[in-house]
Structures are given as C-alpha cells and as structure tokens.
Amino acid sequence: MESKVRVRFAPSPTGYLHIGGARTALFNWLYARRHGGVFVLRIEDTDRERSTDEAIDAIINGMTWLGLTWDEGPFLQTDRLDRYSEEAQRLLAEGKAYKCYCTSEELEEMRKAALDRKEAPKYDRRCLARSESEQAACEARGLRPVIRFRCPDEGTTIIGDQVKGEVVFENQNLDDFIMVRADGIPTYNFAVVVDDYDMNITHVIRGDDHLSNTPRQVVLGQALGYRIPEFAHLPMILGSDKTRLSKRHGATAVEAYRDEGYLPQALINYLALLGWGYEDQTVFAPEELIAKFGLEAVGKSPAIFDPAKLEWMNGVYIRELTLPELAGHQKSFMQAAGLPIEMYEDAWYLRLAEITQERLIKLADIVGLSDFFFSRVPFDPVAVEKVLRKEGTKDVLEKAIEVLSDSFTFEAHEIETRLRALAETTGIKAKFVFQPLRVAVSGRTISPPLFETMELLGRDTTIERLGEAINLLEPQDE
RNA sequence: GCCCCCAUCGUCUAGGGGCCUAGGACACCGCCCUUUCAAGGCGGCGGCGGGGAUUCGAAUUCCCCUGGGGGCACCA
C-alpha cells in the first residue's frame with residue numbers, strides 16, 4: 001500500500017505571486033487532486049529582511065483567485081524555529097554539523113581568493129576542528145557562530161527525479177553549507193528538509209532552479225535519518241528573450257492579470273500548457289486537467305511565456321461564460337473605470353454582454369467598447385474625416401432620423417429592417433449608410449453591432465446623436 | 001572558474017527506430033462570411049542547432065561540439 005500523496009507549494013513571501021510560482025502551485029495542486037492527495041501551503045519566511053505580511057496576503061489572494069485551494073496550512077517557518085534548532089542540536093551532538101566562527105568578511109575573502117585561483121568557491125573547513133577552548137575564545141570576542149553541515153566528501157548523491165530522470169552529483173562538489181545563521185534562524189536548505197519531513201511530504205514538485213540544491217537537501221536529510229521524498233523539477237518559465245521571466249518582460253504578478261481582466265480558468269489552462277501537454281488538446285476544463293495530469297508528461301525544457309497565446313485563451317474562456325456571468329464581470333470592470341453603471345438596468349447589461357462577448361480579449365476591454373453608452377465621447381477625428389465628411393452623409397443622417405422617428409418598437413431587428421429599406425430606396429450602398437451612422441452614434445468607426453448599439457442607446461439618444469453629427473457637419477456644408 | 005539541466009516551426013508542443021511527405025495550437029499572411037470590429041470557416045507560411053557513431057532504416061539511441069538556462073550567499 002503506497003502512502004498517501006502529500007505535496008506542497010512553498011513560496012517565500014518577498015513579493016507577489018508570480019507566473020512561475022503560480023505554475024508550480026498549479027502542478028502541485030493538480031498532482032494532489034489527481035491522486036486524491038493533500039496539498040500543503042507553506043510560507044518560507046526565514047529571510048526576515050525581505051519577507052512581508054503583504055506578500056503573504058498577495059500569495060494567498062492569488063491562489064484563492066486561481067482556485068488553487070490548499071488542504072493544510074499556511075504554515076509559517078518562523079513559527080517552527082524551535083523545531084529547527086532541535087534538529088540542529090541533534091546534528092551538532094552527533095558530530096554531523098559544527099559551529100563556524102568565520103565572519104562574513106573572512107568568507108568573502110576566501111571566496112575571492114578561490115575565484116582568483118580559478119577554483120570553485122568552497123568553505124575550507126577551518127572551523128571544523130575548533131577545540132572547545134578556541135570556541136570559547138571566539139565567544140568571548142563576541143562572535144556568534146553559524147552552524148555548518150558537515151558534508152560527506154566522497155561518493156555520489158543520486159536524485160531520481162520524476163521529470164529529469166537520474167541526476168548524479170559528486171559529493172566532493174558540495175561544501176559545508178550553513179544550516180543555521182548566527183542569529184539562530186535556519187537557512188532555506190535546512191528548513192525545507194525538516195519541514196518536508198515533518199509535514200510528510202511525499203513529492204517535492206518545484207522549479208528546476210532548485211535542482212542544484214537538491215543533493216544538499218538529500219545528504220542533509222540522510223544525516224537526519226529522514227525518508228527522502230520523490231522529486232520532480234519543473235522546467236523554468238522564461239521571458240521572450242529566453243532569460244528567466246521577470247518584471248522587465250511585462251506583468252508577472254498574478255494579480256495584475258486579474259486586474260486586466262483575465263479569467264482564472266484561462267490563466268490556469270495556459271499555465272498548465274507550459275511544460276505539460278496532452279496529445280493535441282489545447283483547451284482543458286479544470287476537471288479535465290486533474291483527470292489527465294501526470295508528472296510523466298511534464299517536459300524537460302524551459303518554456304517561454306507567450307502573452308499572445310494567453311490572450312487568445314482568455315478570449316476562449318470569455319466566450320464560454322454565460323451572459324449573466326459575463327455581465328457581472330463587465331459591470332465590475334466598468335464601475336472600476338468610473339462609468340456610471342447605475343444608469344442602466346440588469347437586462348440592459350445582459351444585452352450588452354451578448355453583443356460584446358466575442359469581441360473581448362480581456363474583460364477590461366469592455367470599457368473602451370461601451371463608454372459611449374454613458375455619455376458622448378469625442379468624435380474620432382479620423383472617423384470624422386474619412387466617414388462623416390463624405391458627400392451625402394448629411395442627407396443620410398437626416399433621412400435616418402426621419403426613419404427612426406417613426407413609431408415602431410425600437411429594437412435591433414426592427415431598426416435594421418427600416419434602415420436597410422432606407423438604403424434600398426435611396427440606392428446608397430448599405431456600407432455607406434451604416435458607417436456614418438456608426439460614427440455618429442459611437443464617435444468611432446469601430447463599435448459593437450450598429451443596430452444593437454442603437455437599441456441599447458434608446459431612440460431618443462440615438463436621434464440626438466445623429467443630430468449632433470449633423471451639426472458638426474453644418475458649417476462645412478452650408 | 002566549477003557543478004547541474006536543457007535543445008522539434010517565431011512561441012507552446014505531439015513524436016519515444018520504419019505509421020513523418022514531421023501532427024496540433026498561438027502568432028502571422030491570404031480567401032470566405034460581413035454594416036465596423038470581432039468571432040467563425042477554409043487555405044498558406046514555417047521546424048527536427050552542427051558533426052560523428054549505431055542501424056537495412058534515426059527527429060527518435062550513443063558521443064562530441066555549439067547554444068540556452070540554472071546553481072555555487074549568514075536569498076529562497
């Protein structure tokens with residue numbers, strides 16, 4: 001009987017949840033859900049300089065928005081300090097770790113000297129054999145020791161990685177890394193090992209930037225007598241210039257995507273495709289992702305983040321929304337942009353959602369597509385020049401006013417019938433009657449479908465705008 | 001400098017010795033639909049980094065090179 005799957009996402013709270021972190025969280029979550037396992041959230045906040053509560057909130061908010069629900073945690077490493085020092089003391093007592101009184105300056109010098117000699121910087125173990133009296137002398141000088149792990153200097157450490165396969169490291173290339181800082185706070189490589197053990201983590205799924213750290217963690221875990229978890233190192237996500245994805249590649253914070261109007265399911269779907277694939281399929285509902293996800297299908301090579309494909313994916317999911325869902329989202333974005341949304345009824349928004357649904361890439365796009373419904377926007381100069389100032393436009397506008405003033409239900413289909421009839425009787429090509437009307441009514445050459453737009457605007461406003469367009473043309477025409 | 005990882009269209013990828021004349025998706029370019037913009041349909045452009053080796057046969061296996069990425073902190 002294989003033990004229950006337990007995975008974790010362990011971000012350090014030094015900033016917002018970024019795309020890379022979200023992808024790691026997603027793969028862990030998928031793996032847990034796929035195997036009926038447990039997903040643990042652990043906050044690695046041992047870097048007290050850079051960790052903030054705001055970042056913790058941002059991570060939690062981001063994951064919640066994405067729907068990556070965790071089953072245990074969030075656990076904070078700073079709440080577990082006693083446990084780490086307990087294990088550190090044990091290693092010290094067993095002679096598997098030792099105190100080091102070297103100062104940062106000394107270490108820096110050593111590093112530089114090694115580099116000058118073209119050697120790998122590696123701690124020279126000058127503190128390994130310090131006698132009790134030497135140590136006492138250091139203490140007396142006010143020096144606070146760090147604790148170093150006594151790394152094995154022979155043999156190899158083999159990582160059986162679920163993604164990368166078997167990776168072999170020579171132990172002699174490892175050095176006696178610091179487990180506990182002078183202030184008593186554990187370093188990452190030590191805290192993870194203790195945590196993953198205490199939290200019974202069975203599979204460590206993380207970015208492959210951690211692959212090089214893995215042998216240190218394994219060797220340390222072995223010294224502590226721990227069962228070593230399975231590892232799966234995911235390929236990195238890179239920017240368009242093939243370097244690690246960062247702010248200079250554009251938005252990397254999950255929250256930024258939310259604010260621009262990306263749907264969480266779209267981001268999830270897109271992220272899942274970064275490093276993982278399933279046959280020829282591109283669009284996956286969450287349940288499908290869970291059912292089909294597997295570490296064996298995770299690729300080994302890094303993936304470049306492509307905003308264009310994400311945009312397309314978002315459009316796909318926007319089109320899958322029900323009208324009430326879309327309308328709800330649109331209202332929030334319109335409100336956030338300062339549009340007076342109380343101006344219209346719910347039914348109106350449903351209709352707006354209907355005619356704009358397939359025109360949106362991001363939810364925020366609704367603002368630029370609907371602002372003119374709330375008040376006149378300035379005429380686009382190019383539109384005025386190319387469409388309105390055309391021979392006969394004024395005539396068309398005047399006739400349209402007449403037609404639209406007739407008594408009939410002011411509904412898209414009716415409007416269309418009458419306006420088409422107008423084009424028919426005047427012998428003007430449909431295009432040349434509709435485009436001027438569009439510009440008159442919306443101020444632009446690009447708008448939602450014309451007749452629906454008029455319907456949503458209402459008869460009075462529509463006629464009023466046509467009149468305003470005529471006025472604009474007056475001086476030139478007379 | 002040392003250690004590790006990676007390498008199929010511009011991008012994400014399928015492919016795991018003959019089914020490959022290398023498939024799909026995004027992007028791009030045409031055409032169709034059409035009152036604009038979209039959406040949709042159809043079509044096109046475009047790739048196995050290089051060199052050896054194994055084999056009757058290599059995108060698929062092995063080696064070297066090159067290129068890219070990551071690590072070598074009292075960061076995680």
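- Of the candidates B/G68, B/U36, B/A76, B/U36 carries the atom nearest the A/I446 side chain, counting heavy atoms from C-beta on.
- Within residues 209-218 of chain A, the residues that place at least one heavy atom under 4.0 Å from RNA chain B are, in residue-number order, A/D209, A/H210, A/L211, A/S212, A/N213, A/R216.
- If you check B/A39, B/U36, B/A76 against the side chain of A/P449, the one that comes closest is B/U36.
- Backbone-only contact: A/V168 has heavy atoms under 4.0 Å from sugar-phosphate atoms and none from a base.
- With respect to A/R418 and A/E414, a salt bridge is recorded, a charged nitrogen being found less than 4.0 Å from a carboxylate O.
- For an aromatic pair to be called close, the ring centres must be under 6.0 Å apart, and A/F305 with A/H18 fails this.
- Looking at heavy atoms from C-beta onward, A/F27 lies out of side-chain contact with A/F9 at the 4.5 angstrom threshold.
- The shortest heavy-atom contact between A/F373 and A/T453 is CE2-O, 3.4 Å.
- When each of A/R8, A/R42, A/R83 is paired with A/D195, the salt bridge (Lys or Arg N to Asp or Glu O under 4.0 Å) condition holds for A/R42 and for no other.
- Within the nucleic acid shown, A/P235 has no heavy atom closer than 4.0 Å to any nucleic acid atom.
- With a cut-off of 3.5 Å on both pairing distances, the Watson-Crick or G-U wobble partner of B/G1 is B/C72.
- Across the strands present, B/A25 finds its partner in B/U11; the criterion is a Watson-Crick or G-U wobble pair with both atom distances under 3.5 angstrom.
- Candidate nucleotides B/C6, B/A25, B/G69 were compared by shortest atom distance to the side chain of A/W312, and B/A25 ranks first.
- One C1' atom belongs to B/G41, the other to B/U34, and the distance between them is 13 Å to the nearest Å.
- Side-chain N/O atoms of A/D280 and base N/O atoms of B/G23 include a donor-acceptor pair closer than 3.5 Å.
- Summarising the geometry of A/V163 relative to A/L295, their closest heavy-atom pair is CG2-O, 4.4 Å, with the distance given to 0.1 Å.
- Both tests do not hold together for A/R444 against A/F379: distance to the six-membered ring centre under 6.0 Å, angle to the ring axis within 45°.
- Base-pair partner of B/U54: not found among the strands shown (Watson-Crick or G-U wobble, both distances under 3.5 Å).
- Of the residues in residues 292-310 of chain A, those with a non-hydrogen atom less than 4.0 angstrom from any atom of RNA chain B are A/K300, A/S301, A/P302, A/A303, A/I304, A/D306, A/A308, A/K309.
- A straight line from CG of A/L174 to P of B/C2 spans 18 Å, rounded to a whole angstrom.
- Distance from the side chain of A/S104 is smallest to B/C74 among B/C74, B/C12, B/C5.
- Rounded to a whole Å, the CG atom of A/L245 is 19 Å from the P atom of B/G68.
- OP1 or OP2 of B/A76 has not a single side-chain nitrogen or oxygen of A/T14 nearer than 4.0 Å.
- Classified by interplanar angle (parallel below 30°, tilted 30° to 60°, perpendicular above 60°), the ring pair A/F293/A/W276 is tilted.
- Between A/I304 and A/Y270, the closest heavy-atom pair is O-OH, 4.0 Å.
- Of the residues in residues 428-444 of chain A, those with a non-hydrogen atom less than 4.0 angstrom from any atom of RNA chain B are A/F434, A/Q435, A/R438.
- For B/C72, neither phosphate oxygen OP1 nor OP2 lies less than 4.0 angstrom from any side-chain nitrogen or oxygen of A/R111.
- Of the candidate nucleotides B/G71, B/A38, B/C2, B/C2 has the atom lying nearest to any side-chain atom of A/N173.
- Ion pairing between a basic and an acidic side chain is recognised when a charged N comes within 4.0 Å of a carboxylate O; A/K300 and A/D161 show no such pairing.
- Base contact: A/T445 has a heavy atom under 4.0 Å from a base atom.
- The distance from atom CD1 of A/I415 to atom C1' of B/U35 is 14 Å, rounded to the nearest whole Å.
- The interatomic distance linking A/L107 (CG) with B/C72 (P) rounds to 15 Å, in whole Å.
- Within a 6.0 Å radius of OH in A/Y98, more than 12 heavy atoms belonging to other residues, nucleotides or ligands are found.
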